[in-house]
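What you are looking at is a predicted structure, and each value in this text was computed from that prediction instead of being measured.
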Amino acid sequence: MRRRLIAGGTAGLVAAALLAVAPANAKKPDVAPLPHVSVRDGRIVDDVGRTVLLRGVNVNQLGDYFQGAAGVPPVLPFSRSDLEQIAALGLNSVRLLVHWSALEPRPGVHDVVYLDRVRQAVTWARELGLYVVLDMHQDAWGRYVNTARTDSCPPPLGAAIGWDGAPEWATYTDGLTRCRFQLREASLAVADAWQSFWVDRGAIQQHLVDTWAWLAGEFRDDPTVAGYDLLNEPNPGVALGGTDAVSLGEYHRRALDAIRAAERGGLTKIVFFEPLATWSATGVGIPRPWTGDTQIVYAPHIYLGSISADVSVTGKEVVPLRTGFEQARREATVYGTTFWVGEWGEFGADGDYTRRFAALEDEFQVGSAFWQWKQACGDPHGVSWPDGGVPKESGNLVRVRCGDAAAPAGVPIGLVRSNSDALSRPYPRAFPGSVTFTSDPVSRRLAVHGTGGIGAGDLDVWVPGASPPSLTTVGLRRVRTRQVAGGWRVGAEPAAPTWSLASS
């Protein structure tokens, strides 16, 4: 499909202004260029064969969200400082949310100013040693399925706020009610919009596929972009069962084929793909192999024990958190790959939950992206509708004060320590051979036991803290320690068939 490019109009001028205020003279840390990552033998590896654990957070500050509270922006400004702070937690990646509505505001017209904002974020990430997963994000289809402020919804239905994702021109609702039943996705208008997408009504699915081709072509030579998350938490439309059996895989296939065609002559990136949104609530999916491509990673969201259906209904974790990891691994095996947790989170200050999640992440040797870095006071997740009320505080990683005389609204006021401690715990960022390891978010202790890997690259370990770590090593040589923002990077080479490293 022929594509036209635009400079973004008023939105483009705002975007350019936000970029202009970014600190131009910020010091660039001394980091090596990022190696290209790919999938090999059920692992994410770099170009020398080391396993790479992509651990990071979701960043939504380039998002195009519905604004439900007058004068309260739904996203916070984004700058290099955000990524500096993320890197200082020892994380090595971000899941960067982009929205179809911003990428293709009119049919066949792609916004190059918005692309420049994405490109700037990728450049900053490269300078700071952070990989980027570009996530085509949506919630409840898009911004344009809200009930009007003047609409009344008959019980048990309620008013629905607008969310994010699809452009208005790709939103078909056929006059169906926009009132919802409890859940944001549970409205006839949302279901109709999704069903229209699955049957490619008006070629809207093809438009999104073409948009992926455009993005992949723009980043095909940059290894900073580790890969592409094809569609956040897709919904089933009106064909429950038929969507996951046929339609979802068909969209995945079409998008992957378009990306691969756009990458020709460049790097082959990882394609991350998700099950339906119902997986996040239940931890159950229906694996349907849809490609023979080897560069794919299964990317479900594990919210068991946090906001899953059992907790919402009973207030208790009926289905154990471990079940989500075990199910994700089983389903990834069907596709011949590994899994990566595209979202997880604890929406409070339950240190026990985050520590349990962290221990499982280490045990299963997978990466993840915590939800989320900064949530604005006007984010639809927190705004009530239709009165437009905002919470007193927003965010479950960076706390943001909203409408309180103690601090200006929308100003970050610190980290939720139980969550940031778990995220910044020590871990092997990349390792040769095979390993087992455990880390403790409280004591900051790390124990890594490895097998093999001689001549296959360096062990690369993150240890947080101001003081140099106390290290005990066996079977390693050229052990060196380098201080970086927020902690220390420890490098070493395996020199024996078995080896170990412990830090305290």
Side-chain angles (χ1 to χ4, degrees), residues 42-44 51-58 89-93 95 133 272 274-275 279-285 287 297-311 316-335 337-372 396-397 416-431 434-450 461-464 503:
R43 301 174 297 141
I44 297 176
T51 298
V52 176
L53 297 179
L54 294 177
R55 297 217 169 148
V57 295
N58 283 270
L89 290 173
L91 302 173
N92 64 359
S93 61
R95 182 174 181 248
V133 175
F272 297 83
E274 304 184 27
W279 203 102
S280 299
T282 63
V284 176
V297 166
Y298 190 46
H301 300 170
I302 298 182
Y303 282 117
L304 287 175
S306 174
I307 55 172
S308 50
D310 54 347
V311 175
K316 297 180 181 179
E317 184 180 317
V318 178
V319 182
L321 175 59
R322 168 178 285 276
T323 303
F325 282 81
E326 293 172 341
Q327 184 72 7
R329 182 168 61 186
R330 281 194 295 270
E331 295 182 3
T333 301
V334 173
Y335 298 105
T337 187
T338 186
F339 71 97
W340 179 75
V341 185
E343 288 183 23
W344 71 280
E346 193 287 310
F347 300 90
D350 184 356
D352 175 68
Y353 181 87
T354 53
R355 285 191 292 272
R356 287 192 295 123
F357 193 101
L360 287 166
E361 199 175 42
D362 292 350
E363 177 186 341
F364 283 76
Q365 295 188 19
V366 294
S368 70
F370 185 84
W371 184 266
Q372 65 174 320
N396 65 315
L397 182 52
V416 177
R417 295 309 315 185
S418 58
N419 292 333
S420 63
D421 285 351
L423 290 175
S424 64
R425 71 192 186 278
Y427 73 105
R429 294 163 60 102
F431 56 85
S434 60
V435 306
T436 59
F437 67 94
T438 59
S439 64
D440 188 335
V442 177
S443 70
R444 303 309 215 205
R445 290 188 177 133
L446 172 70
V448 183
H449 299 276
V461 169
W462 156 260
V463 181
S503 73

Are a donor atom and an acceptor atom from the side chains of D362 and T438 found within less than 3.5 Å of each other?
no
Before giving the answer on side chain to side chain donor-acceptor pair (under 3.5 Å), spell out for W279 and Q327 the whole-Å C-alpha distance, their side-chain angles and the decisive distance to 0.1 Å.
CA-CA 10 Å; W279 203 102; Q327 184 72 7; over 6 Å; no
For the pair N58 (side chain) and Q372 (backbone), establish whether a donor and an acceptor sit closer than 3.5 Å, ignoring hydrogens and angles.
no
Is a side-chain N or O of W462 found less than 3.5 angstrom from the main chain of S424, in a donor-acceptor match?
yes
Report yes if the side chains of L446 and V461 come closer than 4.5 Å at any heavy-atom pair, otherwise no.
yes
Rounded to the nearest 0.5 Å, the OH atom of Y303 sits from the OG atom of S308 at a distance of 11.5 Å
Which word best sums up how the rings of F339 and F325 line up, parallel for under 30°, tilted for 30 to 60°, or perpendicular for over 60°?
perpendicular
If you compare all heavy atoms of N396 against all heavy atoms of G345, which two are closest, and at what distance to 0.1 Å?
ND2-CA, 4.4 Å
Smallest heavy-atom separation, T333 atom then R329 atom, equals OG1-O, 2.8 Å
Does one side chain, of R43 or T338, offer a donor that lies under 3.5 Å from an acceptor on the other?
no
Without swapping roles, check the side chain of T354 against the backbone of S418 for a donor-acceptor pair under 3.5 Å.
yes
Please round to the nearest 0.5 Å and tell me the distance separating atom CG of L53 and atom CG of L91.
12.0 Å
Checking the side chain of R356 only, and the main-chain atoms of Y353 only, is there a donor and an acceptor separated by less than 3.5 Å?
no
For the residue pair A422 and P441, what are the closest heavy atoms and their distance?
CA-CB, 3.9 Å
Check R425 against P464 and note the closest heavy-atom contact, atom names and distance.
C-CD, 4.3 Å
Compute the centroid of each ring, for F370 and then for F357, and state whether the two points are separated by less than 6.0 Å.
no
Are R355 and E361 within salt-bridge range, i.e. N to O under 4.0 Å?
no
Show, in sequence, the C-alpha distance, side-chain angles and deciding distance for F364 and R322, and conclude whether the side chain to side chain contact (heavy atoms under 4.5 Å, CB included) test is met.
CA-CA 10 Å; F364 283 76; R322 168 178 285 276; 3.8 Å; yes
Measure the OG1-CD distance between T337 and E331 for me, rounded to the nearest 0.5 Å.
13.0 Å
Search all heavy atoms of L360 against all heavy atoms of L321 and return the closest pair with its distance.
CD1-CG, 3.7 Å
Using only heavy-atom distances, determine whether the side chains of R429 and N92 contain a donor-acceptor pair under 3.5 Å.
no
Ignoring hydrogens and geometry, is there a side-chain-to-backbone donor-acceptor pair from Q365 to V435 under 3.5 Å?
yes
Using only atom types and a distance under 3.5 Å, with no angle test, would you say the side chain of N419 pairs donor to acceptor with the backbone of L397?
no
The test is side chain to side chain contact (heavy atoms under 4.5 Å, CB included); show your working for R444 and D421 and say whether it passes.
CA-CA 9 Å; R444 303 309 215 205; D421 285 351; 3.9 Å; yes
With the side chain counted from C-beta on, respond yes when F272 and V133 share a heavy-atom pair under 4.5 Å apart, and no when they do not.
yes
Which heavy atom of A328 sits nearest to which heavy atom of Y298, and what is that distance?
O-CD2, 3.7 Å
Say whether, by atom type as modelled, one donor and one acceptor occur between the side chain of R55 and the main chain of V366 under 3.5 angstrom.
yes
From CH2 (W340) to CD1 (I44), nearest 0.5 Å:
8.0 Å
